[in-house]
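Every value quoted in this text rests on a predicted model; they were computed, and no experiment measured them. Ligands are counted one by one from 1 in listed order, and the atoms in each one are counted from 1 as well.
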Amino acid sequence: MHRFIQQLPKVELHLHIEGSLEPELMFELAQRNQVDIPFTSPQEVRDAYQFTNLQDFLDIYYQGANVLLHEQDFYDLTWAYLLRCKEDNVIHTEIFFDPQTHTARGVAFETVIEGISKALDQGKKELGISSQIIMCFLRHLSEEDAIKTLEQALPYKDKIIGVGLDSSEQGHPPEKFTEVFRQAHEAGFLAVAHAGEEGPAMNIRNAIDILGVHRVDHGVRCVEDKALVTELAETRMPLTVCPLSNLKLKVFEEMEEHNIVELLRQGLCVTINSDDPAYFGGYMTDNFNAVADAHPMSHEELAQFTLNAIEASFIADQEKQQMKNTVHKFLTIHG
Ligand code: HPA
Ligand code: ZN
């Protein structure tokens, strides 16, 4: 099973590039940029990654991002992630970045987007991995701040496919960002939002109905509203689920309790993603393995996660069809 999973073509739709910062690179960048970090070794960083909830993680995650200052840093970060994608047979990835985490520290929007997009261009050419970029608004900050960030993004619209919403869900519901999402749609951006990770099912409804999202990030608390689950299945509204993240942040206590396979079998467009792999202990293959170990599944069901991700991705229909053909061919040979 693990061999099949490793070789299975994969598509990632929920990955925070800042969350792919491995402790070794964090140390290297801290030295290169002469930034103080409160750790003496990469192992000490890893030992600190014990979280009891989302906020615990976010505090450490924003601290880690302090070592990212120059275009080269964002390039190195993104390139390291792409090399991991290659190992895991990820053929397409749509990555998030958090501009406000950087602009608040005096790093220019341009520095961030240029570093990331140069690495992604090279990834397409040298590794054959296609990609898109989504910028997320930090929901613990004001809507006014998000609107300013949207304005900063306009000159780079050709590089950014959509907007998202991340950070602390508790106390910062989707409807707080109604106006900025309205403006983002008007400017031609697609939209996604984290909802129903730590927050209630109502946040999923409101992300869909008020923010007009095309995908829901996480969304696993939909099961608390039976009518919503039926609606998600009927509309094929995608959920970008992150199994190892959910375990690390105690959304579920055990992988056996995770609802992703049940949702797949109910016909929802659920996908498997790594979220913040450097913090949560695994990239795409690790996430697939963790789910399959806890929930016995057929090869067809495993491949369905990739087919769902292709369906949910922000790429042209023709490319989607080509990717689907690749998966079906893989299944014929390895199924
Ligand atoms: N949830 C909310 N915000 C985040 C996450 C997450 O899982 N990862 C990075 N920012
Ligand atoms: Zn996330």
Side-chain angles (χ1 to χ4, degrees), residues 11-22 26 49-66 68 74 77-78 81 93-104 112 116 132-141 145-146 149 162-174 176-177 191-200 203-204 206-207 211 213-222 238-252 258 260 270-284 286-287 290 309 312:
V11 167
E12 172 137 77
L13 303 178
H14 185 155
L15 176 280
H16 303 263
I17 197 65
E18 296 90 347
S20 71
L21 178 61
E22 291 288 345
M26 189 191 294
Y49 292 172
Q50 309 284 345
F51 316 115
T52 52
N53 57 34
L54 174 60
Q55 195 58 49
D56 266 6
F57 154 70
L58 290 170
D59 293 343
I60 283 204
Y61 163 80
Y62 294 132
Q63 189 181 60
N66 283 337
L68 299 162
F74 290 94
L77 173 70
T78 309
Y81 164 67
T93 179
E94 303 192 352
I95 71 171
F96 297 133
F97 77 110
D98 290 334
Q100 289 153 298
T101 299
H102 312 299
T103 53
V112 183
I116 295 171
Q132 298 281 10
I133 301 177
I134 297 168
M135 69 162 193
C136 287
F137 304 119
L138 297 179
R139 66 202 309 158
H140 66 274
L141 300 178
D145 216 288
T149 304
V163 300
L165 188 62
D166 65 3
S167 187
S168 325
E169 190 178 359
Q170 305 277 23
H172 305 283
K176 175 178 166 187
F177 295 92
V192 299
H194 284 53
E197 177 188 19
E198 277 197 341
N203 282 0
I204 301 173
N206 288 340
L211 302 186
V213 298
H214 305 278
R215 305 197 287 249
V216 173
D217 297 314
H218 293 295
V220 288
R221 285 190 59 186
C222 65
L239 305 184
T240 64
V241 178
C242 308
L244 287 173
S245 163
N246 291 157
L247 224 59
K248 272 278 191 188
L249 302 185
K250 315 279 186 209
V251 174
F252 297 92
H258 203 293
I260 185 168
V270 284
T271 66
I272 293 182
N273 308 273
S274 72
D275 207 4
D276 302 281
Y279 293 85
F280 299 147
Y283 288 78
M284 284 292 274
D286 305 310
N287 272 276

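Atoms OH and CD1, on Y279 and I60 in that order, are 8.0 Å from each other to the nearest 0.5 Å.
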Give every pair made of an N or O atom of ligand 1 and a protein N or O atom lying under 3.5 Å apart, one pair per line with both atom names and the distance to 0.1 Å, or write 'none'.
| residue | atom | partner | partner atom | Å |
| --- | --- | --- | --- | --- |
| ligand 1 | 1 (N) | E197 | OE1 | 2.8 |
| ligand 1 | 3 (N) | S167 | N | 2.8 |
| ligand 1 | 7 (O) | E197 | OE2 | 3.1 |
| ligand 1 | 7 (O) | H218 | NE2 | 3.2 |
| ligand 1 | 7 (O) | D275 | OD2 | 2.8 |
| ligand 1 | 8 (N) | H16 | NE2 | 3.2 |
| ligand 1 | 8 (N) | D276 | OD2 | 2.7 |

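Between A290 and L244 the shortest heavy-atom distance is CB-CD2, 3.9 Å.
Between H16 and H194, the ring planes are tilted. Angles from 30° to 60° get that label. In this pair, F51 and F57 present their aromatic rings perpendicular. The plane angle is above 60°, beyond the 30 to 60° band.
Side chains of Y61 and T101: a donor-acceptor N/O pair is absent below 3.5 angstrom, by distance only. Side-chain contact of Q63 with D59: a donor-acceptor pair under 3.5 Å is absent, judged by distance alone. Looking at N53 and E198, their side chains never bring a donor and an acceptor atom within 3.5 Å of each other.
E94 pairs by the salt bridge (charged side-chain N to carboxylate O under 4.0 Å, His left out) definition with R215, not counting sequence neighbours. Scored by the salt bridge (charged side-chain N to carboxylate O under 4.0 Å, His left out) test, R139 finds no partners at all (sequence neighbours excluded).
Distances under 2.8 Å from the Zn ion (ligand 2) pick out the protein N/O/S atoms H14 NE2, H16 NE2, H194 NE2, D275 OD1.
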